[in-house]
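Just so we're clear, the structure is a prediction, and the values are computed from it rather than from any experiment.
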Amino acid sequence: MSLTKNRTLEIQLKPESYEVADQFIKQWLIQKRIGDESSFETMLLFEALFNDMIEQGYGQDTILTIKAQKNFGEYNITLGFEGESYIPSMKKDQKSISPELQIVQAFSDKVGYRYRLGYNRVSIVVKRNNNSALIYCFIAMLLAVPVSIALIAFVSADNLTSLDEKYFMPIIKQFANAMLMIGAPVTFFSLVKNLTDIYIVSEKNSSARKLQIKTIVTSFIAVVLALITGPLIADVLYLHQGYFGGLGLFSSDMNMTEFINSLVPDNIFEPFETIMPFPIIILSLLLTYALCSIGEYFGAVHKFINISLDVFSKMLTVVMFTLPFFCFFAALSMLMIDGLENLMILLEVLLIVALSMIVISAFYLIRLLIGKVNIKSFAKHLPALLWENFKISSVIDAVPFNIRYCSRKYGYDRKRLSDNLPILAQTNLDGNCFLIMLISMSFIFLLGIEISWLQIIGIAFLILFLSVGAPNQPGSIMIGILIITLYLKADELIIIAIFAEVFFGWLQNIINVIGDIVTVAIEEQKARQQLAS
C-alpha cells in the first residue's frame, strides 16, 4: 500500500471483512505515528461501529468504503455506505444497552454522522487540532508587514489615510457585520438552549442546582477580577489614562429615558436587525420562561431551538473560515496608520493578558486550597488534559474526553463526572467572562475611549449573559467584543476584536476547562470526605 495522505479501502459489510479493515486502519495509524492511546481508542470505536452496523441489519451486499485521511491538521477515518440513515441506537426488544453502543456513547466526542441522498458518512476523529487555522491568521498578519512597508514607501500619508478609510476599514467593518449578523442568532438560540437545559437540570435535583449557582458566582468573580486587573496592570506598566465618568448614565447621546425605551424595541425582529444586546437578552429570557412553562409542545419547540442553533453555528463556521483574509486587512490598516503606536498598544495588551493569567491562576489555586485538594496530584495530570482540550474547539464537545481522562488519571467517580461535567460545560463561563472583560477594559483604557462607570456595569452585565449564549464556540471572543463595540459605539474596537479572537480565542477554552476541573476536584474531595466520615 502507498504512503499517500489519503487511503481508501472498499469491503463488503459482513463479519468476515473485519480483519481486512482492521489491518488497513492499523497500518495507516502506524504510518502516521499516531500514539498508542489514540490508536487504541480508534480501533475500539471502529470495531463497535462495524459490529453495530451489521447488527442493525444492513445487508452483506452493502459496500463499506473506508477512507483514512488527513485534512487541515486533523486525522480521521470515514466510513461510507448506502442505505437507510445510520445512527447507533438501542433496539426496541433490548432490555439493556449493547456493549457496542456503550463504547460509541463513551467516545461520542470522536464520532460524527451525516446522511445525504441515501448515503451515510460516519467520521471517526483519530487526532485533531481545531486551532490549526490560527497558523493561517498569523501568516496573513506577517504578510501585511512587507505590504505595509511598500505602501508607506511609495504612497503619501494623506493617500494612505484615504486608502484606509475608503477601502480597508469598510472591508473590515463588513466582516464585523457578517459576524454579528450570524452571531446574534447563534447567541440568541444558544442562550435559550443553555438556559432551558439549566432549568431542566436544576428541576431534577438540588445538587445540580447548587452546582450551577456556584459556577455563576465564579463567573461573576471572574468579571470583577478582570475589571480590576486590566486597568490596574495597564496603569502600573504604562501610565496611560482612560476616561471614566462625566458622560451621563450610559452614553453621551442616550439619557435614562432613551435607554429604558431601547430595552423594548418596536418589533420582535429589530433586536436582530440592529444587534441590540439588551433586547436580545430580554427576548431570550422571555422565550426560555415560555418554553419551560408549556407542556406537550416542549419537545418539538426545544428540538426546533437545537436545530436552529446547529444551522446558525454551521453558518458561523463558514464565516470564520474567512478570518485569515480579514486578519491581513486588519494588520495592514493598523501598520499603515500610526503603525508603531498601534503595534505597541497591541503588545501592551498581550503583556497585560499574560500577566493577568497569574490572577486567574491564583483564584483557582485558592479555591483548590479551600477545597483541601492535593495540589501536586491535581497539577500532575493537568497539562496533558489542557493540551487535548486546546485541540478541541469547545468544552461542550470535549465533555466525553474529559470524563474519560478524569476517571482514568485522577480516579474521580465516573458517575459524578457524567452528572457534573455536562452542567459545568454549559454554565462555567470563567474564560469568556474574564477574557472579554479584561481585553475590552484594557483597550478602552489604553485607547482613552470615554466611558462612564455605569457603562462598565452595563458591559459586565452583557458579558455575563452573552457568555451563556456563546460558551465556547469559535468566534465567541470576537462576537462579545463586537457587541460591546456596538454598545459603546466605539469603532476603534473592531480591529481589536479580530486580533483578540486570533490571540486569545483558544485561551478562553483552556480557562473554562481549568474552571470545570477545579470544581470537579473540589466536589470529588467533598464526596470522599463525606464517605470517610
side-chain contact (heavy atoms from CB on, under 4.5 Å) assessment of Thr218 paired with Thr519: CA-CA 10 Å; Thr218 60; Thr519 303; 5.7 Å; no
Under the side-chain contact (heavy atoms from CB on, under 4.5 Å) criterion, do Ser85 and Tyr113 qualify, and how do the steps go? CA-CA 9 Å; Ser85 176; Tyr113 311 93; over 6 Å; no
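Between Phe175 and Ile494, the closest side-chain pair of non-hydrogen atoms is not below 4.5 Å. Proximity of Leu79 to Thr65: side-chain heavy atoms (C-beta onward) are nowhere separated by under 4.5 Å. Using a 4.5 Å cut-off on side-chain heavy atoms (C-beta onward), Tyr136 and Phe325 make no contact. Residues Met141 and Val502 meet the side-chain proximity criterion, which asks for heavy atoms closer than 4.5 Å.
Take Ser333 and apply the side chain to side chain donor-acceptor pair (under 3.5 Å) test, not counting sequence neighbours, and it matches Asp164. Considering only residues two or more places apart in sequence or on other chains, Lys173 meets the salt bridge (charged side-chain N to carboxylate O under 4.0 Å, His left out) condition with Asp491. For Phe168, the ring-ring contact (aromatic ring centres under 6.0 Å, His included) partners two or more places apart in sequence, or in a different chain, are Phe329.
Between the side chains of Asn509 and Asn389, no donor N or O sits under 3.5 Å from an acceptor N or O.
Taking every heavy atom of both residues into account, Ile498 and Met478 meet most closely at N-CG, 4.3 Å. Closest approach of Leu332 to Ala144, counting heavy atoms only: CD1-O, 3.6 Å. A pairwise comparison of heavy atoms in Thr288 and Val192 identifies OG1-CA, 3.7 Å as the closest pair. Between Ile477 and Gly505, the closest heavy-atom pair is CG1-CA, 4.1 Å. Of all heavy-atom pairs between Ile182 and Phe312, the closest is CG2-O, 3.5 Å. Minimum interatomic distance between Ile517 and Leu385 (heavy atoms only, all atoms of both residues): CG1-CD2, 3.5 Å.
For Phe363, the CZ atom counts as densely surrounded, since its 6.0 Å shell holds more than 12 non-hydrogen atoms of other residues, nucleotides or ligands. Residue Arg367 places its CZ atom among more than 12 non-hydrogen atoms of other residues, nucleotides or ligands, all under 6.0 Å distant. The local environment of OH in Tyr289 is sparse, with at most 12 non-hydrogen atoms from other residues, nucleotides or ligands closer than 6.0 Å. Within 6.0 Å of OH in Tyr119 there are more than 12 heavy atoms belonging to other residues, nucleotides or ligands.
Between the SG atom of Cys433 and the CD1 atom of Ile463 there is a distance of 7.0 Å, given to the nearest 0.5 Å. The CD1 atom of Ile172 sits 12.0 Å away from the CG atom of Asn177 when rounded to the nearest 0.5 Å. Atom NZ of Lys166 sits about 9.0 Å away from atom CG of Asn159, to the nearest 0.5 Å. Of the inter-residue distances, the one linking Thr78 atom OG1 with Arg121 atom CZ reads 4.5 Å to the nearest 0.5 angstrom. Here the CG atom belonging to Asn76 is positioned 11.0 Å from the NZ atom belonging to Lys67, to the nearest 0.5 angstrom. Of the inter-residue distances, the one linking Glu501 atom CD with Ile439 atom CD1 reads 9.0 Å to the nearest 0.5 angstrom.
Looking at Thr485, its side chain does come within 3.5 Å of a backbone N or O of Ile481 through a donor-acceptor pair. For Thr161 (side chain) and Ala157 (main-chain N/O), a donor-acceptor pair under 3.5 Å exists by modelled atom type.
Screening Val359, Ile358, Ile360, Ile352 for a side-chain contact (heavy atoms from CB on, under 4.5 Å) involving Thr229 leaves a single residue, Val359.
Using cut-offs of 30° and 60° for the angle between ring planes, the Phe390 and Trp506 rings count as perpendicular.
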